[in-house]
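This report concerns only the one structure given below.
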Amino acid sequence: MLASSSRNALKRAQRSVRCAAVEVSAVASVHEQRRYASAAQSTFDYNAAALNPERALRRSAARNAESNLRGATHTPLARYNMQLATLMDYKQTNKAMHLARKMKQEGIEPDVTTYNNIIAACAHEKLVKEAHAVFADMLAMGIEPNRHTFHNLMKGIDVKDQDDLHEVLRAMEEWGILPNEFTYEIIITRLAHMQRLELALQYLASLPRLGLSPTLNTATAVITTAANLGFARLAVDLSLAFEQMSVRRLEGSTWSDVLVSCAEALYADGVGLAWRRVVHEHKMLPDEGCCIQVLHTAARHGLPSLALEVIEVLKRIEIVWCEHHIAPVIEAMCQHDELKEAMMMLSYMRQNDIIPTLETATPILKLVSKDTDAVDHAWGQLEILYEEGQGVDVVALNVVIQGAIVLRDLQRAVGTYKACGRLGVKPDIDTYNLLLLGCIDARHRELGDRLLSDMKEAGIKPDQTTYERMVRLCLTQSTYEDAFFYLEEMKTLGMVPPVTIYEALIRKLYSVGDVRYKIALEEMKECGYDVSPRLKSFVESGGSHDGPQAAQPVSVEPVLL
């Protein structure tokens, strides 16, 4: 809704144009002015205005003949018409009306061009009744309306008022004026703005049968509406069809709407086509939101070339690269089985002050963890990168170790860890935490202690995940007293043990009959954790199950009929 000052200004402008329209109309004679005065106050009737077109045609022919004798191109009327047209081009309707009033005061009789400009001014201000009254005065002057006259009348009608639009179309038919492509442009664009896409498409499909082609505005309105409503494939098909049948080309803004729609729908073919139109042909740079959507599409369908182009566009629009910009590029490369390039992107991220994580390398993990051959192949790719002088990022090493851990191949994981020096890579905290996870699965306490010792020698400070996994590793052994040691060390360092540690500890203590499980339960509650239904059921059932037993099927005696 407009602000009160804006609404008042709009009302004042409309009143000014309305008063000017009343003063300008009926310029032929006093008798015609009186006849118009009543017409301006009543509702316009197209049928009444078109009852006697023969008379209007005869008077129009006489006026045209007189204009030809006078040399119409150099008359004051022609100059006024030119000025009126210029003012309407700049949407200066108020000035156009005052100019028409001046023209009336000088006694210059208007022609069809003059009336068309006045009707256009009324239509621009949404003064529908005044536009109809000017049209009635035009007919009273014996001036034959042309196609532009009806077009201007149609533009002034409210978008939702389809009945008045059909009345104008019927009046055109009575005057023997066939609709052209610009007539259908008005109709179709109105339907598109109302989001009545299906009806707009029906009108659009009827144009070839009438020997007409859609205008650029018509095609743009329908394509943009289809894109905004989420019909990405339809928007692409309409765009291609229009450019194939027309010498005109869609504007870059229209293709941008299509690009956004296709990216939101993850429509790969449409994204590729629209991206080439927007970036390569129209030399436009999409915004960051659009680029991220395109990156998601490239990641989903494995389009690394497109993803790299998007990254370059982000740089050109001065967007600082972040992890969420590069991660889709890595995923696109992995979808395209470009393992080596995906690992290179991890080093590239660090070179651009972006810290890669194991979550960033999740698509790489999917490739590496297929089988042991995939793990060995990934290690070979790391060796190639090192030999080529590309540099190996520690996250790339970690994801290979993680792949071996997922496959429960602790030996390969430890072998990769011990060979990391050959690649010039120093293990980090994630390296050791991953290996500790493998030790838990293998119940290998001794290896876990050695890894913890190596980590301290390397100057890497254990984090909460390290202590959690050491507690869990101790609980896999028959002698589990060290679990309490690591638990207390966590609390000494100000770390709050996660609920998973307490649950694992309580289960272990209860299963071996260690009454300290009650102390662990109390401490768990003191930390603010609720006892899960599964743990509660485990304790109450004496460790027989983790939840309520499934209901036994009720046996029903067969009934003999």
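Start at 1 with the first residue, then count along the sequence.
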Original post:
Charged N to carboxylate O below 4.0 Å: is that the case for Arg233 and Asp237?
Top reply: no

Original post:
Does NZ or CZ of Arg507 come closer than 6.0 Å to the centre of the six-membered ring of Phe538, within 45° of the ring's axis?
Top reply: yes

**OP:** If the plane angle is over 60° it's perpendicular, under 30° parallel, otherwise tilted; pick one for Trp321 and Tyr348.
**Re:** tilted

**OP:** Apply the test salt bridge (Lys or Arg N to Asp or Glu O under 4.0 Å) to residues Asp454 and Arg450: give CA-CA distance (whole Å), side-chain angles for both, the deciding distance (0.1 Å), then the verdict.
**Re:** CA-CA 6 Å; Asp454 291 348; Arg450 287 204 305 268; over 6 Å; no

Original post:
What do the steps show when you test Asp376 against Arg412 for salt bridge (Lys or Arg N to Asp or Glu O under 4.0 Å), and what is the final call?
Top reply: CA-CA 9 Å; Asp376 295 339; Arg412 268 188 171 80; 3.1 Å; yes

Original post:
Charged N to carboxylate O below 4.0 Å: is that the case for Glu388 and Lys340?
Top reply: yes

Subject >> NZ/NE/NH1/NH2 to OD/OE distance under 4.0 Å, Lys315 and Glu312 >> reply: no

Subject >> Check: Ser541 side chain, Ser537 main-chain N or O, donor-acceptor pair, under 3.5 Å >> reply: yes

Original post:
Distance-only, no hydrogens or angles: does the Arg190 side chain make a donor-acceptor pair with backbone N or O of Asp158 under 3.5 Å?
Top reply: yes

List the atom pairs, with distances to 0.1 Å, where a side-chain N or O of residues 274-286 and a protein N or O form a donor-acceptor pair under 3.5 Å, not counting sequence neighbours.
{"residue": "Trp275", "atom": "NE1", "partner": "Glu309", "partner atom": "OE1", "Å": "2.9"}
{"residue": "Arg276", "atom": "NH1", "partner": "Gly272", "partner atom": "O", "Å": "3.4"}
{"residue": "Arg277", "atom": "NE", "partner": "Glu243", "partner atom": "OE1", "Å": "3.4"}
{"residue": "Arg277", "atom": "NH1", "partner": "Glu281", "partner atom": "OE2", "Å": "3.4"}
{"residue": "His280", "atom": "NE2", "partner": "Glu309", "partner atom": "OE1", "Å": "3.2"}
{"residue": "His282", "atom": "NE2", "partner": "Leu250", "partner atom": "O", "Å": "3.2"}
{"residue": "Lys283", "atom": "NZ", "partner": "His280", "partner atom": "O", "Å": "3.0"}

Original post:
Is it true that Asp514 and Lys508 have a side-chain N and a carboxylate O under 4.0 angstrom from each other?
Top reply: no

Original post:
Would you find more than 12 non-hydrogen atoms of other residues, nucleotides or ligands less than 6.0 Å from Arg516 atom CZ?
Top reply: yes

**OP:** Step through the shown structure and confirm whether more than 12 heavy atoms of other residues, nucleotides or ligands are within 6.0 Å of CD on Glu323.
**Re:** yes

Subject >> With Glu503 via side chain to side chain contact (heavy atoms under 4.5 Å, CB included) - residues at least two apart >> reply: Val499, Met524, Ser532, Leu535

**OP:** Would you check if there is a donor-acceptor pair between the side chains of Asn398 and Thr431 at a distance under 3.5 Å?
**Re:** yes

Subject >> Closest non-hydrogen atom pair, Leu234 against Ala226 >> reply: CD2-CB, 4.1 Å

Original post:
Are a donor atom and an acceptor atom from the side chains of Asn228 and Asp257 found within less than 3.5 Å of each other?
Top reply: no

Original post:
Around Glu481, counting heavy atoms of other residues, nucleotides and ligands shown, do more than 12 lie under 6.0 Å from its CD?
Top reply: yes

**OP:** Using only heavy-atom distances, determine whether the side chains of Thr215 and Glu185 contain a donor-acceptor pair under 3.5 Å.
**Re:** yes

Original post:
Does Glu540 have any side chain to side chain contact (heavy atoms under 4.5 Å, CB included) partners at least two apart in sequence or in another chain, and if so, which?
Top reply: Lys536

Original post:
Relative to each other, are the rings of Tyr529 and Tyr502 parallel, tilted or perpendicular (30° and 60° limits)?
Top reply: tilted

Original post:
So, Thr500 and Glu468: side-chain donor and acceptor under 3.5 Å apart, yes or no?
Top reply: yes

Subject >> Atom NZ of Lys491: over 12 foreign heavy atoms under 6.0 Å >> reply: yes

